[in-house]
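Just dropping this structure here.
Atoms within a ligand are numbered from 1 in the order they appear, just like the ligands themselves.
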Amino acid sequence: MPLTVSPSSLVDHSTPCYYYDIALLDATLKEVRKHGLDKGYHVHFALKANHEPYLLKKIRQAGLGADCVSGGEVQQALDNDFKPDQIAFAGVGKSDQEINLGLESSIFCFNVESLQELSVINEIAKKKQTKAPVALRLNPNIPVKTHKYIATGLNENKFGINDEELILVLEALPNLSCIEFLGIHFHIGSQINHLEPFIELAQKTNKYVEQIEAAGFTIKVLNMGGGYGINYIEPDAEPIPNFKAFFNVFDTHLNRRSDQEIHFELGRSIIAQSGSLISRVLFIKERSKKTFAIIDAGMTELIRPALYQATHQIERIDSHENTSNTYQNYDVVGPICESSDSFAQNYLLPVLQRGDLLAIRSAGAYGQVMKSNYNLRPDFPVIYSDKISDQP
Ligand SMILES: *Cc1c(COP(=O)(O)O)cnc(C)c1O
């Protein structure tokens, strides 16, 4: 299933722009429903990956809740009609203002990352004469093969409560009268493409449940977080991640009781493959050892390659002007005044000429949300495949 956009619909469109394949998003959500929601799992969409209102509406209508990591995201979820009791709020540095917003909005759960945060939330809830629903974000020390900037479940990472601190938290909890203890939460990293870390997570969760319940608490909520990866190398070979295999891990390895709810917080796996960044070739620059294709999109539109050495498939959208079938290697670079502003090195593409359109694939997650106006770059348009006729 190559990019389902007819070149003619984009040829005259201003670039750079983001393009979202809504049919693919719908098909992806259907798989999440079939293998996740229909089994009774609760799935929250991580707004951090994408917070476009039109996409959020589709996601909410499919029955997913919201996972937020800032007050701004909690507000965005509320403004886009997610029910407060479907909103989870994580984050290692919640401000008092953000905690207040969560309490006033009666969100489902705060995922709490330290003993100090727990006592601050308790104090704020006490002032408001309310109770804060809380899950403890535990750091299970599970290594994952992903870029070090997006591994979060190791002792050396800033996230979560480690095993030593957990003992102190369990001692403190009975005295924190405005905390309603719901359960435990994890998020071990992102772009995790193999199942072993999730198997280990499920097994460790069983041990944590035993430990915490032996200390006299009841765990009602088990939140396994997100992190399931996607195929950036060959998006058309795997446009929809294998959700059956992912949820099966938890069917198989998690000791689930009927009085417990299992939650997930998926971001990338839901939205990444539906988005492409569309850009036009501005100039071709020949150098003795390489050829640069300088395009009109840069790290200001998609920072993942510059930030995490991420790889995105790039393809030429064929037009009448250029039907060349000979190939050449290019360094595909943006216009921003930084050498890290590069999408690919030595990348094989049909011979390019000024004006050709390129699609940078798998850009739906952590793409548009990380835009910046560095170099005073202007904002860009967004196109939805099912509304394409509405576009200028
Ligand atoms: C980023 C994040 C997610 C989503 O991660 P993906 O890799 O996009 O699935 C889920 N939960 C928390 C707490 C996060 O910070």
### Query
Is it the case that more than 12 heavy atoms not belonging to K128 sit under 6.0 Å from its NZ atom?
yes
### Query
Can you tell me if G227 has a non-hydrogen atom under 4.0 Å from ligand 1?
yes
### Task
Please identify which atoms of ligand 1 are closer than 4.0 Å to at least one heavy atom of R268.
6 (P), 8 (O), 9 (O)
### Message
Could you identify the single nearest non-hydrogen protein atom to atom 2 (C) of ligand 1 and state the distance to 0.1 Å?
### Response
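Residue, atom and distance for the closest contact: K48 NZ, 2.5 Å.
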### Message
If you take the centroid of each ring, where Trp contributes its six-membered ring, are Y20 and Y54 closer together than 6.0 Å?
### Response
no
### Query
Should L56 and Q76 count as side-chain neighbours, where that means a heavy-atom distance under 4.5 Å?
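In short, these two side chains touch, coming nearer than 4.5 Å.
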#### Entry: Heteroatom proximity flag, A49 to ligand 1, N/O under 3.5 Å
no
### Message
Between ligand 1 and Q191, is the shortest N or O to N or O distance under 3.5 Å?
### Response
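In this structure, Q191 places no N or O atom under 3.5 Å from an N or O of ligand 1.
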### Query
What do the steps show when you test S279 against D296 for side chain to side chain donor-acceptor pair (under 3.5 Å), and what is the final call?
CA-CA 6 Å; S279 179; D296 66 2; 2.6 Å; yes
### Task
Answer yes or no for Y366: is there a heavy-atom contact with ligand 1 below 4.0 Å?
yes
### Heavy atom of the protein closest to atom 4 (C) of ligand 1 (residue, atom name, distance)
A46 CB, 3.5 Å
### Message
For ligand 1 and E265, I'd like to know whether there is a polar contact (N/O to N/O, distance under 3.5 Å).
### Response
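Between E265 and ligand 1 (N or O atoms, distance only) the closest approach is under 3.5 Å.
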### Query
Between Q328 and T291, do the side chains contain an N or O donor and an N or O acceptor separated by less than 3.5 Å?
yes
### Task
Flag the pair F264 / F246 as yes when their ring centroid distance falls below 6.0 Å, and as no otherwise.
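Between F264 and F246, the centre distance is under 6.0 Å.
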### Task
Looking only at protein heavy atoms, identify the closest one to atom 7 (O) of ligand 1 and say how far it is in Å.
S190 OG, 2.3 Å
### Query
Just which atoms of ligand 1 are under 4.0 Å from any heavy atom in G226?
9 (O), 10 (C)
### Message
Any non-hydrogen side-chain atom of I388 less than 4.5 Å from a side-chain atom of I383?
### Response
yes
### Message
Considering R137, M224, H187 one by one, which has a heavy atom nearer to atom 3 (C) of ligand 1 than any of the others?
### Response
H187
### Query
Relative to ligand 1, is N111 under 4.0 angstrom through side chain, backbone, both or neither, heavy atoms considered?
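It is neither part, as no heavy atom is under 4.0 Å.
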### Summary
A90 heavy atoms within 4.0 Å reach ligand 1 at atoms 13 (C)
#### Entry: Aromatic ring proximity, centroids under 6.0 angstrom, F186 and Y208
yes
### Message
With a sphere of 6.0 Å drawn around CD of Q97, does it hold more than 12 non-hydrogen atoms of other residues, nucleotides or ligands?
### Response
no
